[in-house]
Amino acid sequence: MTQDAAQEAAALRAQLNRHAHLYYVLDAPEVPDAEYDRLFQRLQALEQAHPELLTPDSPTQRVGGRVLDGLRPVRHRVPMLSIQTETDTTEAGARAFDARVRRELGLAPDAPPVDYSAELKFDGLAINLRYEDGVLVLGSTRGDGETGEDVTQNLRTIGQIPLRLQGDAPPVLEVRGEVYMRRDDFERLNERQREQGEKTFINPRNTAAGAIRQLDPALVAARKLSFFAYGLGEVQGWDMPETHSGVLDALERFGVPVSSERIVGAGADALVAFHQRIAAKRDELPFDIDGVVYKVDSLALQRQLGFKTREPRWAVAHKYPAQEQVTRLNGIDIQVGRTGKLTPVAKLEPVFVGGTTVSNATLHNLFELRRKRARVGDRVIVRRAGDVIPEVVGVVPPAWVPLAEASPDEEAVVDAAAQVNPAALAPRVPYVPNFRMPRQCPVCGSAVVREKGEVNHRCTGGIACAAQRKQAILHYAQRRALDIEGLGDKLVDQLVDGGIVRSLPDLYRLGLTALAALDRMAEKSAANLVAALEASKTTTLARFLFGLGIRHVGESTAKDLARHFGRLDSIMDATEGQLLEVNDVGPVVAQSIHTFFRQPHNREVVEQLRAAGVHWEEGEPVAGAALPLAGQTFVITGTLPTLSREEAKEKLEAAGAKVAGSVSKKTTCVVAGAEAGSKLDKAQALGVRVIDEAGLLDLLAASN
Ligand code: IVH
């Protein structure tokens, strides 16, 4: 081995670890992926030539690793405890914790409030990461709290987990936190499973937990997992911060991911405010949480409070309503979508889940229903998380029903996922389905077909099918399309069922008299709707295109098309080859657009809509870069004084900018309004330019 090779390998490791941190934790890569790959391959080659150069913090170890026979037990140096749970989901839960802490600390009623750290309760799998001299040497699961399992090589596949800490790391530092799966990564995984006719996963938590305990690290690498730290295990030789929040700040500086959704606040009021603020944004978070966690911030006070058997007195988990529940599948309806897809929809015994009462949930398609071995009459698990529509994710096999079931009142309280014994999902009784897909569309009576290799059944009725017409109208009227306020599903039902509206252009022929004659339609709402229809006529090409409901043309494709071609006629007459030149348009999308505009009927609808007065500003065709803000990425945060976020976004996009949801080093500029939160902090931390609404308007005016 040459000295040079050793030096080069060390330099490559350092570079790659730094880029991994920028990419996975800060979401701010400095180099293109290809450059990362090049460095990676160079290191791999060096290590192959000189195996003695291989170190545990080498990024090449993120993908490697053998298939194990079993997981090795690991005894935790410091036990991994659990936290007491406060199940009163009202603010009383937070106040009770504060009162308990004050009592245990012997504080007088007029003593100043206690400082707390409030953070999210991530719904994943607890793990311990042991760093020695800054290098990740061991990663283990919680197990029973005393002894867990060595899952180091699986954890190494998670890009967000640093293999080496940054800066001056202490000799021993154990980081504790949660491995979880983001909802979008989970949805994508299930979407893929569904397309391939494979079994879908129940929820992100089970999927993450299952992955971490796999014996083959390659399987783990294929599931996209994430990590957040929330505490410490054993520590040696570190001059500890004095507060828990200080510890989290320090971990962040070591390059460990810590959620920015945390505060330090004084007394119960701060806890209540945090609980409420997070409840309001729970659905918008990119991952599942099952509550928030409050911790006494001062480590000295934590020591004073100590433990009660297996739980610290200084922390509590304050729950939110569960996102999964068990209920009964009373029946299965068929819903016909805009593209004719027939979706089996579960009619459920109403159940409170994820904060609302749910009585319908999707079953996706016939094959998924069969794979779950669901039968009408079964007890099923319903999941409602984020803005995803509620779905039936599994069946509770009769043999696995907990004893508590005896009392119907308790049914709704059981934690559904905890009951799913994977072994119980294996067939024990022959499955005899008691539901069939109809051969005729339940709405229009046209034939139902399923193409070879497709999992979905479709109605062949097309525009003749009232269900497809209704969905097409609702799609056209939605906020992100033509934005016709007041045109909801009840009204569309009436209009289509009554034969008043047969196609989109009919909407613009609706008069006050016709509307006011409808059931339950007050004169005032009729007038409002007429005004909304009139207002919708002034729109943008992108909204109009999106509103047409062309298969595979979502909002962002519609924007790309509008930007690229500038004029509707150019799009209508474009060849597939010309369509393929548009950013992000592939063969499937190009073909779909081309086919759509080859149908005389669709062209007719477009002409009639234009004749009714629907209009937009046509532009010149532009190849992305010609627009003044092309290539720039903006993030809008907080409440702007006059513009809604949607309006600001539209203006920016019209000028060629991209508008992103999160701040990274790639962000050109952040537009901040009142009560801008963590995004503004991050922008400042990264040195990203920040402007207010006035600044935005100046910028737009200048670039016009
Ligand atoms: S602190 C001694 N903080 O909840 C306190 N735990 O029952 C140790 N969890 O097993 C835990 N988010 O997996 C803590 N912000 C957070 C958490 C959190 C999720 C999990 C953790 C633990 C369980 C506690």
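Counting starts at 1 for both ligands and their atoms, following the listed order. No experiment lies behind these values; they were computed from the predicted model shown.
Here the side chain of Thr141 pairs a donor or acceptor atom with the backbone of Glu149 at under 3.5 angstrom. Using a distance-only test at 3.5 Å, with no hydrogens or angles considered, a donor-acceptor pair links the side chain of His318 to the main chain of Thr90. The closest donor-acceptor contact from the side chain of Arg156 to the backbone of Pro56 lies under 3.5 Å.
Every atom of ligand 1 is numbered from 1 in the order shown, and the set under 4.0 Å from a heavy atom of Glu119 is 3 (N), 15 (N), 16 (C). Close contacts between ligand 1 and Pro312 involve ligand atoms 2 (C) [criterion: under 4.0 Å to a heavy atom]. Near Phe122, with a cut-off below 4.0 Å to any heavy atom, the atoms of ligand 1 are 12 (N), 19 (C).
Looking from atom 8 (C) of ligand 1 to the surrounding protein, the closest heavy atom is Leu81 O, 3.9 Å. Counting protein heavy atoms only, atom 23 (C) of ligand 1 is closest to Lys121 NZ, 4.2 Å.
At a heavy-atom distance under 4.0 Å, only backbone atoms of Leu120 (N, CA, C or O) approach ligand 1.
Heavy-atom distances between Gly231 and ligand 1 stay at or above 4.0 Å for every pair. Taking 4.0 Å as the cut-off, Lys295 counts as a neighbour of ligand 1 on heavy-atom distance.
Taking NZ of Lys295 as the reference point, atom CZ of Phe97 lies at 10.5 Å (rounded to 0.5 Å).
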CA sep, side-chain torsions, deciding dist, call: Asp288, Arg383, salt bridge (Lys or Arg N to Asp or Glu O under 4.0 Å): CA-CA 11 Å; Asp288 283 359; Arg383 173 175 153 86; 2.8 Å; yes
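Aromatic ring centres of Phe287 and Phe228: separated by under 6.0 Å. Not less than 6.0 angstrom separates the ring centroid of Phe186 from the ring centroid of Phe201.
Closest heavy-atom approach to atom 20 (C) of ligand 1 among the candidates His244, Glu178, Met80: Glu178. Proximity annotation for atom 9 (N) of ligand 1: of Tyr180, Phe228, Tyr230, Tyr230 comes nearest, heavy atoms only.
Note on Asp168 versus Arg253: no salt bridge recorded, every NZ/NE/NH1/NH2 to OD/OE distance being 4.0 Å or above.
Taking only nitrogen or oxygen atoms, main chain and side chain alike, Ile83 reaches within less than 3.5 Å of ligand 1.
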